[in-house]
Amino acid sequence: MRTTAKHVTTVLTFSVMLTASPAAAGHMTDFDLNKLDNWSDAIAVCDVTRFLLTDPDTSADVILVAGRDNSHVALYKPLFAPPTNFFSQVMRETFDRVQKAGLVTRDSYSRSRLHFANQMISAYAGATLADKRTMADQMELCYHLAVRAGVKLTPTMRAKP
């Protein structure tokens, strides 16, 4: 009987995963920075937004992106999470500042990053031009958030992931 219950639970979980399609994922406007409750969520949304602004092919299994010192980093499907868990150096610096202030932990950020990467990458698959403009506008808010946290932005920091 227990084995049957385990199989039913597994089948139900798998069917929920299969029915969660990109079309059901929503729109990029669903990830409004102004509606988030904490620093972990805000930094995660900003970091994923910065990644998506590079217009990645999210149907690819692997995406190569520029790394430090003229190197490349491979990001793997489904979440394309960098090894450091930060795509944007600005968001990494923002995280470091608010972590020192005790407003965020590495664990809370990691949970937020995984959560929002999953949802935002799914939504991005059906993103319209209006969604992409919304993301660009949101990134400007992200830069203001970074400045508020004490990060000194330069013009080149806005251009680079």
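Computed from a predicted structure; not experimentally measured. Atom set for the values below is all heavy atoms of this structure, side chains included, hydrogens, waters and symmetry mates excluded.
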- Message: Around atom NZ of K77, are there more than 12 heavy atoms from other residues, nucleotides or ligands closer than 6.0 Å?
- Response: yes

- Taking the six-membered ring for Trp and the full ring for Phe, Tyr or His, determine whether the centres of F87 and F80 are under 6.0 Å apart. no

- Contact check, side chains of L145 and C46, non-hydrogen atoms, under 4.5 Å: yes

- Query: Do you know the tightest heavy-atom contact between L53 and A136?
  - Reply: CD2-N, 3.8 Å

- Partner of L52 under side-chain contact (heavy atoms from CB on, under 4.5 Å), chosen from T49, D55, V48: V48

- Query: Is any side-chain heavy atom of E93 less than 4.5 Å from a side-chain heavy atom of F86?
  - Reply: no

- Message: Would you say that S40 contacts H115 through its side chain, given a criterion of any heavy-atom pair below 4.5 Å between the two side chains?
- Response: no

- Query: Are F95 and L153 connected in a single hydrophobic cluster, I mean Ile/Leu/Val/Met/Phe/Trp/Tyr linked by side-chain heavy atoms less than 4.5 Å apart?
  - Reply: yes

- Message: So S108 and W39, do their side chains get closer than 4.5 Å, heavy atoms only?
- Response: no

- Indicate yes or no for a side-chain donor-acceptor contact from Q138 to the backbone of V45 under 3.5 Å, with no hydrogens or angles considered. no

- Query: Should C142 and L33 count as side-chain neighbours, where that means a heavy-atom distance under 4.5 Å?
  - Reply: yes

- D131 side-chain N/O to T128 backbone N/O, donor-acceptor pair under 3.5 Å: yes

